[in-house]
Amino acid sequence: GTLSTMVRTEGPGSLYRGLGAGLQRQMSFASIRIGLYDSVKQLYTPKGAETTGLWVRLLAGSTTGAVAVACAQPTDVVKVRFQAHGAMPESGRQYRGTVAAYRTIAREEGVRGLWRGTLPNIARNAIINCGELVTYDLIKDALLRAQLMTDNVPCHFVAAFGAGFCATVVASPVDVVKTRYMNAGPGQYRNVLSCILALIMQDGVSGFYKGFVPSFLRLGSWNVVMFISYEQLQRAAALARS
């Protein structure tokens with residue numbers, strides 16, 4: 001219903017609102033949290049260990065997720081703000097483009113405004129990183145050990161789809177709080193805790209899972225594309241080195 005209403009009232013282009021900011025976010029976040037995951041996992045793995053334990057994978061996922069937020073938080077703030085303001089009338093829009101959004105936020109709210117919501121976003125990305133990367137690792141390893149599938153695209157698809165669902169389940173509450181807090185007007189919430197309490201008072205516990213279906217559609221499709229591409233790029237790099 002949301003998709004059809006947006007297309008009918010705002011045109012098909014509204015479905016890609018904030019694409020520039022979204023690409024900036026994904027390129028910066030993904031390159032850090034995914035690109036560093038294997039290296040950090042090896043760093044945390046005890047010397048001589050034959051396998052990587054669950055806690056090591058969780059720690060590696062949390063670490064790279066937190067580092068990604070610390071470095072790339074402004075791209076996430078601009079993406080959330082830009083998408084929300086795009087639905088306003090032309091005369092009421094603050095941001096004319098992603099670069100203008102960075103400048104406007106920094107000028108009106110200070111440089112700290114670009115890192116608004118960093119703590120809930122660190123929590124969200126640590127959780128979602130574990131939900132995606134660790135779950136993908138575990139599902140793929142289980143499929144290969146049980147010899148249900150071989151290490152190919154169908155195996156990567158199944159593992160990525162499962163990782164997307166698990167990530168949505170565990171990260172949805174933090175995602176809802178993060179989005180509300182980033183999008184709030186000055187003084188609307190004193191801190192993250194007041195945002196959480198306001199959400200519970202207004203919508204109850206079910207409010208933490210508002211937008212679950214579109215969130216799953218986003219994360220599920222993102223994980224399938226990301227992990228299949230990642231696996232193929234890894235193989236291409238290995239062939240190039242050999």
Side-chain angles (χ1 to χ4, degrees), residues 17-37 40 59-133 167 170-203 207-208 210-211 215 218-219 222:
R17 183 178 294 129
L19 178 62
L23 288 172
Q24 293 167 19
R25 179 192 181 279
Q26 290 295 0
M27 286 189 289
S28 54
F29 269 88
S31 60
I32 296 172
R33 72 183 185 89
I34 300 168
L36 293 179
Y37 175 70
V40 174
L59 185 58
S62 300
T63 300
T64 57
V67 171
V69 173
C71 297
Q73 176 70 1
T75 63
D76 206 21
V77 172
V78 168
K79 180 185 78 75
V80 171
R81 297 277 190 93
F82 195 75
Q83 287 176 337
H85 281 77
M88 295 180 177
E90 190 73 27
S91 59
R93 296 181 185 178
Q94 286 181 275
Y95 315 128
R96 303 299 173 185
T98 54
V99 175
Y102 287 110
R103 291 173 179 169
T104 302
I105 294 170
R107 184 176 64 251
E108 295 181 355
E109 303 175 37
V111 176
R112 290 181 61 184
L114 291 169
W115 269 267
R116 184 182 181 91
T118 298
L119 289 179
N121 211 16
I122 285 178
R124 182 236 183 217
N125 270 273
I127 292 170
I128 209 168
N129 222 34
C130 293
E132 288 180 349
L133 298 176
V170 299
S172 185
V174 185
D175 209 14
V176 170
V177 172
K178 180 213 73 165
T179 302
R180 289 206 179 192
Y181 191 71
M182 280 185 183
N183 222 19
Q188 184 174 348
Y189 303 118
R190 292 192 307 276
N191 49 41
V192 177
L193 181 59
S194 67
C195 180
I196 294 172
L197 293 174
L199 176 62
I200 293 174
M201 294 295 291
Q202 291 170 9
D203 302 319
F208 288 112
K210 183 172 287 186
S215 184
R218 183 182 75 84
L219 278 177
W222 153 253

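Scope of the values below: all heavy atoms of this structure, side chains included, with no hydrogens, waters or symmetry mates.
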Looking only at heavy atoms, which two atoms of [X] and [Y] are closest? And how far apart?
X: Ala66; Y: Ile122; value: CB-CG2, 4.0 Å
X: Ala167; Y: Gly131; value: CB-C, 3.9 Å
X: Ser28; Y: Ala72; value: OG-CB, 3.4 Å
X: Ala106; Y: Leu114; value: CB-CD1, 4.2 Å
X: Ala198; Y: Tyr189; value: CB-CE2, 3.8 Å
X: Cys71; Y: Ile32; value: CB-CD1, 3.8 Å

For the backbone of [Y] and the side chain of [X], can you confirm whether one donor and one acceptor N or O come within less than 3.5 Å of each other?
X: Ser194; Y: Asn191; answer: yes
X: Gln73; Y: Arg116; answer: yes
X: Trp115; Y: Ala70; answer: yes

Yes or no on side-chain contact (heavy atoms from CB on, under 4.5 Å) for Arg180 and Leu199, after CA distance, side-chain angles and deciding distance? CA-CA 9 Å; Arg180 289 206 179 192; Leu199 176 62; 3.2 Å; yes
With the side chain counted from C-beta on, respond yes when [X] and [Y] share a heavy-atom pair under 4.5 Å apart, and no when they do not.
X: Thr63; Y: Leu36; value: no
X: Phe208; Y: Val174; value: no
X: Leu23; Y: Met27; value: yes
X: Gln188; Y: Tyr181; value: no

Working note: Glu132 + Leu219, criterion side-chain contact (heavy atoms from CB on, under 4.5 Å); need CA distance, chi angles, decisive distance, verdict. CA-CA 9 Å; Glu132 288 180 349; Leu219 278 177; 3.3 Å; yes
Which distance, rounded to the nearest 0.5 Å, do you find between the CD1 of Ile128 and the OG of Ser215? 6.5 Å
Spacing of Arg33 atom CZ and Leu133 atom CG [to the nearest 0.5 Å]: 6.0 Å
Apply side-chain contact (heavy atoms from CB on, under 4.5 Å) to Val111 and Ile105, showing your working. CA-CA 8 Å; Val111 176; Ile105 294 170; over 6 Å; no
Would Arg25 count as a cation-pi partner of Phe29, with NZ or CZ less than 6.0 Å from the six-membered ring centre and within 45° of the ring normal?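 Satisfied, under 6.0 Å and within 45°.
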Any side-chain donor paired with an acceptor under 3.5 Å for Tyr102 and Gln24?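 Per modelled atom types, Tyr102 and Gln24 side chains form a pair under 3.5 Å.
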Side-chain donor-acceptor pair under 3.5 Å between Thr64 and Asn129, yes or no?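 The answer is yes; a qualifying pair exists.
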